[in-house]
Amino acid sequence: MPEADKEGKKYYVDIPQKGEMFFLKGSNELDWGMKNRLARIFNPKDGHTVMLAIDHGYFQGPTTGLERVDVTILPLVSYCDTLMCTRGVLRSIVPPSMTKPVVIRASGGPSILKELSDEELAMDMEDCTRLGVCAAALQVFIGGEFESRSVINMTKLVNAGLRNGIPTMAVTAVGKEMVRDAQYFRLATRICAELGASYVKTYYVDEGFETVTSSCPVPIVIAGGKKLPEMDALTMAYRAISEGAAGVDMGRNIFQSDSPVGMMKAINAIVHGNEKPEKAHQIYEAEKAAAGRRR
Ligand code: R5P
């Protein structure tokens, strides 16, 4: 028989039980599992995240810099807060001993050779939970040819995610012919949030980005977009964070750089260290030079 507990007296009757507001914008009313997953994606200390996006192959195959994910990307994972990838790459290349949270690409269908808005949900919630992911992501094509279907796909993922405690990251996709301005991104991000996305990935715009973040009731992270000179990419990240973004979900400006580790360190300095782009660029240059000496 186990020993009977001798009842203690530490009831702290004069101390009210603490409750806390969840640290992420618009997320306080979510269930515990959703919040816990979001708290693994976004650092609770500053509410920010550095996501490394490597899901490009789901529509454009072996993208430059992603030809060999095992060789070029796995060494970068320790520098990110969150890895965003497809389930194919996760299962075939990413070691299960990796403990970083994963945001999984859950939409797909058309290749770069076809109409990209013609996407469907390409993964079900059962597999998301089996893989232990912290969020599921899909493209939403506001203004695109298959706009309604992509929006309804999102609501289906949101519904399934709510049943299973898995947040949805909506990605505002921009077609070739679509205008990229604050007005468009206010529309697109707000629709995603109104219809249930837990957070939204969108693009930075030079004019009025703060109106995009302020009118979206859930956190926004920015995609990096096409490869830019390193200083320009760092300046974009700095401005996005200064104007209300909760982080970056960056791909090509990391893995197509001549120093991907340097860019990871520089982006971290901006997103979590509040460093200015000039200082972050020095961090990138220093890492590049050090890697050159090691060779
Ligand atoms: C693109 O469709 C993918 O969702 C990428 O994850 C996203 O565009 C971010 O990557 P990048 O910084 O290269 O734009």
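When a ligand or atom number is given, it counts from 1 through the structure's own listing order.
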Under a plain distance cut-off of 3.5 Å, with no hydrogens placed, do Y284 and D258 share a side-chain donor-acceptor pair? yes
Can D206 and R239 be counted as an ion pair, charged N to O under 4.0 angstrom? yes
Transitive ILVMFWY side-chain link I267 to M231, under 4.5 Å: no
Before accepting this row, confirm whether a basic side-chain N of the pair K100/D81 lies closer than 4.0 Å to the acidic partner's carboxylate O. no
Verify the distance criterion only: is there a donor paired with an acceptor across the side chains of Y204 and E243 at less than 3.5 Å? yes
Against heavy atoms of F59, which atoms of ligand 1 measure under 4.0 Å? 2 (O)
Ignoring hydrogens, just give me the one of G225, A223, A173, S107 whose non-hydrogen atom is nearest atom 14 (O) of ligand 1. G225
Identify whether the distance between the nearest side-chain nitrogen and carboxylate oxygen of E119 and R149 falls below 4.0 Å. no
Counting distance only, does the side-chain N/O of S150 pair as donor-acceptor with the main-chain N or O of S148 below 3.5 Å? no
Is there a polar contact between ligand 1 and G224, counting only N or O atoms under 3.5 Å apart? yes
Closer than 4.0 Å to some heavy atom of M250 - which atoms of ligand 1 meet that? 12 (O)
Residue, atom and distance of the protein heavy atom nearest atom 4 (O) of ligand 1 read R105 NH2, 2.8 Å
Starting from atom 8 (O) of ligand 1, find the nearest protein heavy-atom neighbour and note its residue, name and distance. Y203 OH, 3.9 Å
Enumerated ligand 1 atoms positioned under 4.0 Å from heavy atoms of A53: 6 (O), 9 (C), 10 (O)
Please work out which of K201, Q60, K227 has its closest non-hydrogen atom nearest to atom 9 (C) of ligand 1. K201
Are any of the heavy atoms in D249 under 4.0 Å away from ligand 1? yes
What part of Q139 sits under 4.0 Å from ligand 1 if we count only heavy atoms: the side chain, the backbone, both or neither? side chain
Can you see whether Y203 has R180 sitting over its ring - NZ or CZ less than 6.0 Å from the centre and within 45° of the normal? yes
Residues K10 and E7 bridged, charged N to O under 4.0 Å: no
among protein heavy atoms, the one nearest atom 10 (O) of ligand 1 is H56 NE2, 3.0 Å
Which atoms from ligand 1 have a heavy atom of R252 less than 4.0 Å away? 11 (P), 12 (O), 13 (O), 14 (O)
Within a distance under 4.0 Å of any heavy atom of M84, pick out the atoms of ligand 1 and give their elements. 6 (O)
Atom 5 (C) of ligand 1 [closest protein heavy-atom partner, distance rounded to 0.1 Å]: D55 OD1, 3.2 Å
